[in-house]
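Written below as structure tokens is the structure these notes are about.
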Protein chains: 2
Amino acid sequence: MVKYQNDPLSTTFQALADPTRRAILARLALGEASVGELAEPYAMSLPAVSKHLKVLEGAGLLARERDGRVHRCHLEPQAMRAAADWIAEYRRFWEAQLDQLARYLEHSPTPLSRIKENSDEPGEPET
Amino acid sequence: MVKYQNDPLSTTFQALADPTRRAILARLALGEASVGELAEPYAMSLPAVSKHLKVLEGAGLLARERDGRVHRCHLEPQAMRAAADWIAEYRRFWEAQLDQLARYLEHSPTPLSRIKENSDEPGEPET
DNA sequence: TTGATATTTAACCATTTGGTTAAATATAGG
DNA sequence: CCTATATTTAACCAAATGGTTAAATATCAA
């Protein structure tokens, strides 16, 4: 009865909304790796990592080639591009906004306090 | 006992992983709007939209100024930039990959069939 | 004060998510 | 064939998600 999301872009963003999965992608940007190798850095169980991989695969961000009993995983670039493209549509808008912010900060007599309390968690990049 | 995600980047991607919320952001890129105006295009109830707005606000993608009883919502660019920055780290990698794909397609005698069946849902942009 | 309008809060529900452990499957190598 | 290794599947669980309806809150305006 409830409506759930399964469109490709939602699936991609959903896949990116987990730090473990983002870390796995970061690892794979360095080169392909087996499931065991990908799981090694994490405290969680192998089935948990296996699930993460399936989510990434379902989002089209990762693909694998089976080589005997080892699955070699590698990045699949196209889905990431779709996400990047979506965000890029807003680029001009938010760059203009950030320019305004920068100008405000430069000319304002009381620079930081008002901005700080008005902007919820700026949020800096991560792994 | 279980580990849940609350880091800013995960929160942002999570917020983007819903078509209604992306449509709301798209609407706000055209200019600020009240909650009622934002809710109008959707079949869902007002509380449902209100929840979506709170998610976007919690992700730092949206802010509002209360003007009497009407809340005027507008985009907040910084969180989106953090997400864009994260994806951009992979840009060089997947652009190289896509170049390879393009070259493959150009030189291959059987161009589309193998690619099609190997890449889960390419996924084109959306609202 | 009374009533309409704008929006949120509360309580509820079903599905999804991210994890677990235990068991199954497949392959590699004596 | 037997056993170790690589990985997935199954069954389960608690919390989060996306929706609902009904009630609360706040403001405007007569």
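Values in this document were obtained by computation on a predicted structure and should not be read as measured data. Hydrogens, waters and symmetry mates are skipped; everything else that's a heavy atom, side chains included, is used. Numbered from 1 within each chain, the chains take letters A, B, ... in sequence-line order.
- Each of D:dT20, C:dT7, D:dG19 was ranked by its minimum atom distance to the side chain of B:D18; first place goes to D:dG19.
- A straight line from CD of B:E57 to P of C:dT7 spans 13 Å, rounded to a whole angstrom.
- Among the nucleotides D:dT20, C:dT9, D:dT8, the one closest to the side chain of A:L46 is D:dT8.
- Minimum atom distance to the side chain of A:V70 is reached by D:dA6, of the listed D:dA6, C:dG19, D:dT20.
- Rounded to whole Å, atom P of D:dG18 lies 10 Å from atom CG of B:L56.
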Short heteroatom pairs, N/O only, protein and nucleotides 24-26 of chain C, under 3.5 Å:
unit_1, atom_1, unit_2, atom_2, d
C:dA26, O3', A:R66, NH2, 3.1

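- Residue A:S45 has a polar side-chain atom (N or O) positioned under 4.0 Å from OP1 or OP2 of C:dT20.
- The side chain of B:K51 has D:dT20 as its nearest neighbour among D:dT20, D:dT7, C:dT7.
- Comparing the start and finish of the helix from C:dT1-D:dA30 to C:dG30-D:dC1, five pairs each, the helix axis swings through 10°, to the nearest 10 degrees.
- Rounding to whole angstrom units, CD of residue B:Q14 and P of D:dA15 are separated by 18 Å.
- Under a 3.5 Å cut-off, the side chain of B:R21 and the backbone N or O of B:L16 do not form any donor-acceptor pair.
- Between A:A43 and A:D67, the residue anchored nearer the 5' end of DNA chain C, judged by the nucleotide with its closest heavy atom, is A:A43.
- The backbone N or O of B:D7 sits less than 3.5 Å from a side-chain atom of B:T11, completing a donor-acceptor pair.
- What separates CD1 of B:I24 from P of C:dT7 is a distance of 13 Å, to the nearest Å.
- Across the protein-nucleic acid pair, B:E32 atom CD and C:dA6 atom P stand 16 Å apart, rounded to whole Å.
- From B:Q78, atom CD reaches atom CE of B:M80 across 12.5 Å, with rounding to the nearest 0.5 Å.
- For the pair B:F13 CZ and D:dA16 C1', the interatomic distance rounds to 19 Å; values are reported in whole Å.
- In this structure, B:K54 does not reach the C:dT7 phosphate: none of its side-chain N or O atoms is under 4.0 Å from OP1 or OP2.
- Linking Ile, Leu, Val, Met, Phe, Trp and Tyr whenever their side-chain heavy atoms come within less than 4.5 Å puts B:M44 and B:L56 in one cluster.
- Rounded to a whole Å, the NE2 atom of B:H71 is 12 Å from the C1' atom of C:dT5.
- For the atom pair CG of B:D67 and CZ of B:R72, the computed distance is 7.5 Å after rounding to the nearest 0.5 Å.
- For the pair B:L53 CG and C:dA6 P, the computed distance is 15 Å after rounding to whole Å.
- A donor and an acceptor atom, one from each side chain of B:H71 and B:E65, are nowhere located under 3.5 Å apart.
- Residue A:S50 has no polar side-chain atom (N or O) positioned under 4.0 Å from OP1 or OP2 of D:dT7.
- Projected onto DNA chain C by closest heavy-atom contact, A:H52 and B:E37 fall at different nucleotides, the more 5' of which corresponds to B:E37.
- Residue A:R72 is classed as having no contact, given no heavy-atom separation below 4.0 Å to the nucleic acid.
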Under 3.5 Å, sequence neighbours excluded: what are the donor-acceptor pairs made by side chains of residues 25-43 of chain A?
unit_1, atom_1, unit_2, atom_2, d
A:R27, NH1, A:G31, O, 3.1
A:S34, OG, A:E37, N, 3.1
A:E37, OE1, A:S34, N, 3.0

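- Which of D:dG18, C:dT8, D:dT9 sits closest to the side chain of B:R64 comes down to C:dT8.
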